[in-house]
K.L.:
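Supplied in structure tokens, the structure appears directly below.
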2 protein chains.
Amino acid sequence: MARKRGLTPDDVVAAARELADADGLEAVTLAAVAERLSVRSPSLYSHVDGLDGLRRRLAFEAAEALRLAFVAAAADRTGLEALEALAHAYRAFARDHPGLYAAAQRAVEPDEDPELYAALGAVLEPVLGALLEAGVPEGELIHVTRAFRSALHGFMELELKGGFGIPESVEESFRHLVGLVLSGIEGLAAGGEAPAAQD
Amino acid sequence: MARKRGLTPDDVVAAARELADADGLEAVTLAAVAERLSVRSPSLYSHVDGLDGLRRRLAFEAAEALRLAFVAAAADRTGLEALEALAHAYRAFARDHPGLYAAAQRAVEPDEDPELYAALGAVLEPVLGALLEAGVPEGELIHVTRAFRSALHGFMELELKGGFGIPESVEESFRHLVGLVLSGIEGLAAGGEAPAAQD
DNA sequence: GTCCCATGGCTAACGGCCTTAGTCACCTGC
DNA sequence: GCAGGTGACTAAGGCCGTTAGCCATGGGAC
């Protein structure tokens, strides 16, 4: 019954992923994953390097999935239009895969885990491309990317964790946020300097 | 030696707060707090309702501290200028009190803990006031507030957790973000409708 | 001044978690 | 048909939160 033998690392990660999306990333415990696979938790160590290793695997999985969603969203779109599509793809991803999304937020020092660092960085490439197309000066690219990411991440963090008290059209709030950020980027691309509060 | 007798709930919360700011909110464990107070962890139950109760107390503490920081920042400023000051006060608070800041992010359903919900909501009042002064239409107030909060929260989440790989002038990135959001709000207040990506 | 009892510490113990060490059965390759 | 490695297992230890039950202290009532 069940798989008597022959669990693979991918099986373990897949189980963790399901668990994360269903019950939250914090529910991904070796005990829970093991139970889901009808196995005792020490057995998982044959396939995955402890809880930390599993989390790292999940982060890779998440980075790649989000990157693919971005690539698909930006396909045959450019500039601001692509940015808008990216923003909505971001939200859709976070809503559809909350656990995986949370797993992608794992922060890593570049010299601590270069591989994962690179994978997480690759996610942003479609964003960088779209920003350049939109006319953002290269010198401000880092700042604008960070702003774009901050806005989206902050919103999803609040939405997913229930930080928005009343469900008063979260959808529309998101559109407002995107519009606000995009208009700022647009102005910045046209005008050159940042629009306000520039020291 | 030390306090032989007479630990108070406030002592416990204060110890937790120090621990949170020094080592991160996840380091706030009953065992760690107890050790810091030279006491065994079961003793804390006399003063605080378990780990959850302690976290709740921390959330109150955090909400009030942040609210005060906001009130101070907005004092004798109005509109966009006040918003800019609020933004910088937000970042300063998060940087100075990372643990407390994290504790403030605890999400609560309105009917689950109305008191805490109210305390957390009160934090945003100075923001609402400034937005109104800045000319944001009342119908869009919720959305703009959410956008403002999302941007700030997302940025700090990324900054504090080390999500910005290179420390390439995080300071300047933040000014960019603030400028971008403020210009969006400004345009929205003047123009009426949201600037882009509407519908 | 004495007694009583609430306060606020404590130890003991349980269950859950991650993890390591050591064991054992099966499947595969020779 | 045998040997060995793979991948499961049990046992055990450490850290966590939590509950139950104990006991000393000290302040207030008389």
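Reminder, nothing fancy here: chain letters follow the sequence lines and each chain counts from 1.
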K.L.:
What is the separation between atom CG on B:L44 and atom P on D:dC16, rounded to the nearest whole Å?
P.N.:
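Rounded to whole Å, this separation is 13 Å.
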
K.L.:
Using a cut-off of 6.0 Å, state whether more than 12 heavy atoms not belonging to A:E112 lie near its atom CD.
P.N.:
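Yes, because the 6.0 Å sphere around CD of A:E112 holds more than 12 heavy atoms from other groups.
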
K.L.:
What is the distance, rounded to the nearest whole Å, between atom CG of A:L30 and atom P of D:dG14?
P.N.:
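Value for this atom pair: 20 Å.
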
K.L.:
Tell me: CD of B:E35 to C1' of D:dC15, nearest whole Å?
P.N.:
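That distance rounds to 12 Å.
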
K.L.:
What I want to check is whether the side chains of A:H153 and B:E157 have a donor and an acceptor closer together than 3.5 Å.
P.N.:
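Side-chain D/A pair, A:H153 to B:E157: absent.
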
K.L.:
Nearest to the side chain of B:S41, heavy atoms from C-beta on, is which of D:dT18, C:dT20, C:dC10?
P.N.:
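Selected nucleotide: D:dT18.
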
K.L.:
Which nucleotide sits closest to the side chain of B:S43: D:dT18, D:dA8, C:dC10?
P.N.:
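Minimum distance to the B:S43 side chain belongs to C:dC10.
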
K.L.:
Can you tell me how far C1' of C:dG15 sits from CG of B:L51, to the nearest Å?
P.N.:
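Checked: the CG to C1' distance equals 16 Å.
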
K.L.:
Nearest to the side chain of A:H47, which nucleotide is it out of D:dC16, C:dG8, D:dA8?
P.N.:
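Looking only at heavy atoms from C-beta outward on A:H47, the closest nucleotide is D:dA8.
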
K.L.:
Indicate yes or no for a side-chain donor-acceptor contact from A:D11 to the backbone of A:T8 under 3.5 Å, with no hydrogens or angles considered.
P.N.:
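Present.
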
K.L.:
Could you measure the distance from the CG atom of A:D21 to the CG atom of A:D96? Nearest 0.5 Å is fine.
P.N.:
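Rounded to the nearest 0.5 Å, the CG-CG separation comes out at 9.0 Å.
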
K.L.:
Would you say that more than 12 heavy atoms from the other residues, nucleotides or ligands in this model lie under 6.0 Å from the CD of B:E35, or not?
P.N.:
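No - once you tally the heavy atoms of other residues, nucleotides and ligands closer than 6.0 Å, there are 12 at most.
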
K.L.:
For the NE2 atom of A:H176 and the OG1 atom of B:T145, what is their distance to the nearest 0.5 Å?
P.N.:
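OG1 of B:T145 is found 10.5 Å from NE2 of A:H176.
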
K.L.:
From C:dT19, D:dG17, D:dC9, pick the nucleotide closest to the side chain of B:Y45?
P.N.:
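That would be D:dG17.
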
K.L.:
Is a donor on one side and an acceptor on the other found under 3.5 Å between the side chain of B:R77 and the backbone of B:A73?
P.N.:
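Present.
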
K.L.:
Nearest-Å distance, CG (A:D11) to P (D:dG7)?
P.N.:
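Rounded to the whole Å, the gap is 12 Å.
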
K.L.:
Tell me the interatomic distance from A:L7, atom CG, to C:dC26, atom C1', rounded to whole angstroms.
P.N.:
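That distance rounds to 16 Å.
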
K.L.:
Counting heavy atoms from C-beta on, name the nucleotide in D:dC9, D:dG7, D:dG17 closest to the side chain of A:S46.
P.N.:
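Looking only at heavy atoms from C-beta outward on A:S46, the closest nucleotide is D:dG7.
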
K.L.:
Out of D:dG17, D:dA20, C:dG9, which has the shortest distance to the side chain of B:P42?
P.N.:
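The nucleotide sitting nearest to the side chain is D:dA20.
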
K.L.:
Would you jot down, in residue-number order, the residues of residues 12-25 of chain A having a non-hydrogen atom under 4.0 Å from DNA chain D?
P.N.:
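Heavy-atom cutoff 4.0 Å gives no residues at all.
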
K.L.:
Side-chain N or O of A:R40 versus OP1/OP2 of D:dA8: is the shortest distance under 4.0 Å?
P.N.:
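False: A:R40 side-chain N/O out of range (4.0 Å or more) of D:dA8 OP1/OP2.
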
K.L.:
Can you tell me how far P of C:dC18 sits from CD of A:E26, to the nearest Å?
P.N.:
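The answer, rounded to whole Å, is 13 Å.
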
K.L.:
If I take atom CG in residue B:L37 and atom P in nucleotide C:dG9, what distance separates them, rounded to the nearest angstrom?
P.N.:
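Going from CG in B:L37 over to P in C:dG9 covers 9 Å.
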
